[in-house]
A.B. asks: 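Just passing along the structure, written as structure tokens.
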Amino acid sequence: MALILDVARFKYPPHWVPLPLLWEAMNTTDDATGLLRGFMLISRHTAAPSLLYTVSCRDESWKSMAKYCMEDVPDLLKDESVDNVPALLSRLVKSLPANAGNLIKWVIEVRRQEEGGSGLSKEEEERLILKEMILQQVRDTELFRLVRELQFTKQPCCSCSYSSDDDSFTWIAASVCCQGAALLTGNLSSKDGFCCRETCFKCVQVDGDGPKTVVTGTAVSGVNEQSVDMLLPISTLETSVCNSNSSNEVVKYPSRTDILTVLLLALHPSTWVGIKDERLKAEFQSLISTDILHDDLKREILHLRRQLHYVRSCKEEEYGDPVPQSH
């Protein structure tokens, strides 16, 4: 028997029917479409399509980034005077729209403080470990190293504090705190009505895996306040590229350099066919090839590539899926 839950419940209350009869009812032609009726099997994903990065179209900045990806980048690649990868990357970075960082965001988990207690659940710990692994995989790519060196060339060597990648973390934490509070109170549209009173870092000890970082914050809206925890992936990084002999390491969170690296990886491979110098084209394509990525990072990049395709399709008012799910 099968339980039928019709959407027109006022006319067709829930009822049980024999399975063969249900099959016969579906195996008929719909007069409106001329097609056979059928059924869909719906199940929950065993894993999120993306753990660390996602495309955000919450403001109008996506339009300028769509133009950059579709029009500006191909035009930049036509310049025959560019004959090496650093010069090409420099040209691409300098031409980025001012709000480029708004398109690809890194995902932060938010929970109520009273729900989190003083530690992490097993599921939270597993997700955080996987996010940290993906973040480290981004930073292990040669493309990240080149982009990071390019970022540092903008600063005097004596001030290599990686500050260009901090993205004003205090501001990010406050913004996420307000968005999280709005979401947890059931009204995401009210996030602008929240003011973040304070944020602070704390370490949560995880058995067998050392400390994990949690940012706590309190968002206030009128007389109401919501305390939230933000679970953040972390990764170790050399203190300075200007002093490669230094063994000191600092903990860093997803940064502008990470986001830019991921954006370049996520652009469709056909983006780069316009590079005139064949040697340079081959060298650059080897840097952005998904074939050299670990499986976890590859899934992130292919998911972003699908999202970017839909952004492009929205601009062109066309729809389709550029990357087969089996990839």
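Only this structure's heavy atoms are used, side chains among them; waters, hydrogens and symmetry mates stay out.
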A.B. asks: In the structure I gave you, are the side-chain heavy atoms of Leu22 and Phe39 within less than 4.5 Å of one another anywhere?
C.D. replies: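 Sidechains of Phe39 and Leu22: no contact.
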A.B. asks: Is it true that Trp23 and Leu41 fall in one hydrophobic cluster, defined by side-chain heavy atoms closer than 4.5 Å?
C.D. replies: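 Yes, because Trp23 and Leu41 connect within a single hydrophobic cluster, where side-chain heavy atoms sit under 4.5 Å apart.
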A.B. asks: Tell me, do Asp30 and Leu35 make a side-chain contact under 4.5 Å, heavy atoms counted?
C.D. replies: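 Answer no - side chains too far apart.
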A.B. asks: With Asp296 as reference, evaluate Lys298, Arg299, His294 under the side chain to side chain donor-acceptor pair (under 3.5 Å) test and give the passing residue.
C.D. replies: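 That would be Arg299.
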A.B. asks: Sorted by first residue and then second, give each salt bridge (Lys or Arg N to Asp or Glu O under 4.0 Å) pair with at least one member in residues 77-87; sequence neighbours left out.
C.D. replies: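 Matches after skipping sequence neighbours: Asp75-Lys78, Asp79-Arg91.
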A.B. asks: Establish, from distance only, whether the side-chain atoms of Thr28 and Arg37 form a donor-acceptor pair under 3.5 Å.
C.D. replies: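 On atom types as modelled, these side chains qualify, holding a pair under 3.5 Å.
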A.B. asks: As an exercise, state the distance from CG of Leu287 to CG of Leu143, rounded to the nearest 0.5 Å.
C.D. replies: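 It is 6.0 Å, given to the nearest 0.5 Å.
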A.B. asks: Determine whether Pro269 and Arg305 make a side-chain contact, defined as any pair of heavy atoms from C-beta on separated by less than 4.5 Å.
C.D. replies: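 The answer is yes; the side chains approach within 4.5 Å.
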A.B. asks: For Leu92, does its backbone N or O pair with a side-chain atom of Ser95 as donor and acceptor, under 3.5 Å?
C.D. replies: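 Not at all, since once roles are kept as given, no pair shorter than 3.5 Å links the two residues.
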A.B. asks: Using every non-hydrogen atom in the two residues, find where Val147 and Leu264 come nearest and quote the distance to one decimal.
C.D. replies: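 Looking at all heavy atoms of both residues, the closest pair is CG2-CD1, 4.2 Å.
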A.B. asks: Whether the side chain of Arg279 engages the backbone of Asn84 through a donor-acceptor N/O pair (distance < 3.5 Å, no angle test) should be reported.
C.D. replies: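 Such a contact is absent between Arg279 side chain and Asn84 backbone.
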A.B. asks: What are the two closest heavy atoms between Cys69 and Pro74, and how far apart are they?
C.D. replies: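 Nearest heavy atoms, Cys69 then Pro74: O-CD, 3.7 Å.
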A.B. asks: Do Val262 and Glu300 have side chains that approach each other closer than 4.5 Å (heavy atoms only, starting at C-beta)?
C.D. replies: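 No, every pair of side-chain atoms sits at 4.5 Å or beyond.
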A.B. asks: Are Ile292 and Leu135 linked, directly or through intermediate hydrophobic residues, by side-chain heavy-atom contacts shorter than 4.5 Å (ILVMFWY only)?
C.D. replies: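 Shared cluster, yes.
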A.B. asks: Who are the side-chain contact (heavy atoms from CB on, under 4.5 Å) partners of Ser289, not counting sequence neighbours?
C.D. replies: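 side-chain contact (heavy atoms from CB on, under 4.5 Å) check on Ser289 returns Asp291.
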A.B. asks: Please confirm whether the backbone N or O of Thr257 pairs with a side-chain atom of Thr261, one donor and one acceptor, at under 3.5 Å?
C.D. replies: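 Pair found, side chain donor or acceptor close to backbone of Thr257.
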A.B. asks: CG of Leu280 to CD of Gln285: how many Å apart, nearest 0.5 Å?
C.D. replies: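 One finds 9.5 Å between CG of Leu280 and CD of Gln285.
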A.B. asks: Taking a hydrophobic cluster as the set of Ile, Leu, Val, Met, Phe, Trp and Tyr residues connected by side-chain heavy atoms closer than 4.5 Å, whether directly or through intermediates, do Leu5 and Trp16 fall within one such cluster?
C.D. replies: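 Both belong to a single hydrophobic cluster.
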A.B. asks: Nearest 0.5 Å please: distance from the CD atom of Gln136 over to the CG atom of Asp258.
C.D. replies: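 It comes to 9.5 Å.
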A.B. asks: Taking Met1 as the starting point, is it possible to reach Leu3 by hopping between hydrophobic residues whose side chains are less than 4.5 Å apart?
C.D. replies: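 Yes, Leu3 and Met1 fall within the same hydrophobic cluster.
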A.B. asks: Please check if the side chain of His15 supplies one atom and the backbone of Pro13 the other of a donor-acceptor pair under 3.5 Å.
C.D. replies: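 Checking the backbone N and O of Pro13 against the side chain of His15, a donor-acceptor pair under 3.5 Å is found.
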A.B. asks: Can you tell if the side chain of Val138 reaches within under 4.5 Å of the side chain of Leu52, non-hydrogen atoms only?
C.D. replies: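 With C-beta onward as the side chain, the pair stays apart.
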A.B. asks: What's the spacing between Phe144 CZ and Arg139 CZ if we round to 0.5 Å?
C.D. replies: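 It is 5.0 Å, given to the nearest 0.5 Å.
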A.B. asks: Transitively linked via ILVMFWY side-chain contacts under 4.5 Å: Leu19 with Met26?
C.D. replies: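 Leu19 clusters together with Met26.
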A.B. asks: Among Thr54, Leu304, Leu308, which one satisfies side chain to side chain contact (heavy atoms under 4.5 Å, CB included) with Leu103?
C.D. replies: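 Only match with Leu103 under side chain to side chain contact (heavy atoms under 4.5 Å, CB included): Leu308.
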A.B. asks: With rounding to the nearest 0.5 Å, note down the distance linking CG in Leu77 to CG in Leu88.
C.D. replies: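 Between Leu77 CG and Leu88 CG, I get 6.0 Å after rounding to 0.5 Å.
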A.B. asks: Please walk me through it: do Tyr53 and Ile259 pass side chain to side chain contact (heavy atoms under 4.5 Å, CB included)?
C.D. replies: CA-CA 8 Å; Tyr53 301 102; Ile259 297 296; 3.7 Å; yes
A.B. asks: With side chains defined as the heavy atoms from C-beta onward, is the minimum distance between Cys57 and Val311 less than 4.5 Å?
C.D. replies: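 Cys57 reaches Val311 side chain to side chain.
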A.B. asks: State the CG-CG distance between Leu293 and Asp140, to the nearest 0.5 angstrom.
C.D. replies: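 It is 11.0 Å, given to the nearest 0.5 Å.
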A.B. asks: Find out whether Pro86 and Leu150 are in side-chain contact, i.e. whether some heavy atom of one side chain is under 4.5 Å from a heavy atom of the other.
C.D. replies: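 With C-beta onward as the side chain, the pair stays apart.
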A.B. asks: Would you please name every residue forming a ring pair (Phe, Tyr, Trp, His ring centres under 6.0 Å) with Phe284, sequence neighbours left out?
C.D. replies: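 Once residues adjacent in sequence are excluded, the partners of Phe284 under the ring pair (Phe, Tyr, Trp, His ring centres under 6.0 Å) criterion are Trp272.
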A.B. asks: If you take all heavy atoms of Ile275 and Lys281, which pair is closest and at what distance?
C.D. replies: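 So the two residues come closest at O-CE, 3.1 Å.
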A.B. asks: Look at the side chain of Asp6 and the backbone N and O of Arg9, then say whether any donor-acceptor pair between them is shorter than 3.5 Å.
C.D. replies: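 It does not hold such a pair.
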A.B. asks: Run the side chain to side chain contact (heavy atoms under 4.5 Å, CB included) check on Leu263 and Met65 step by step: do they pass?
C.D. replies: CA-CA 11 Å; Leu263 173 62; Met65 277 304 294; 3.7 Å; yes
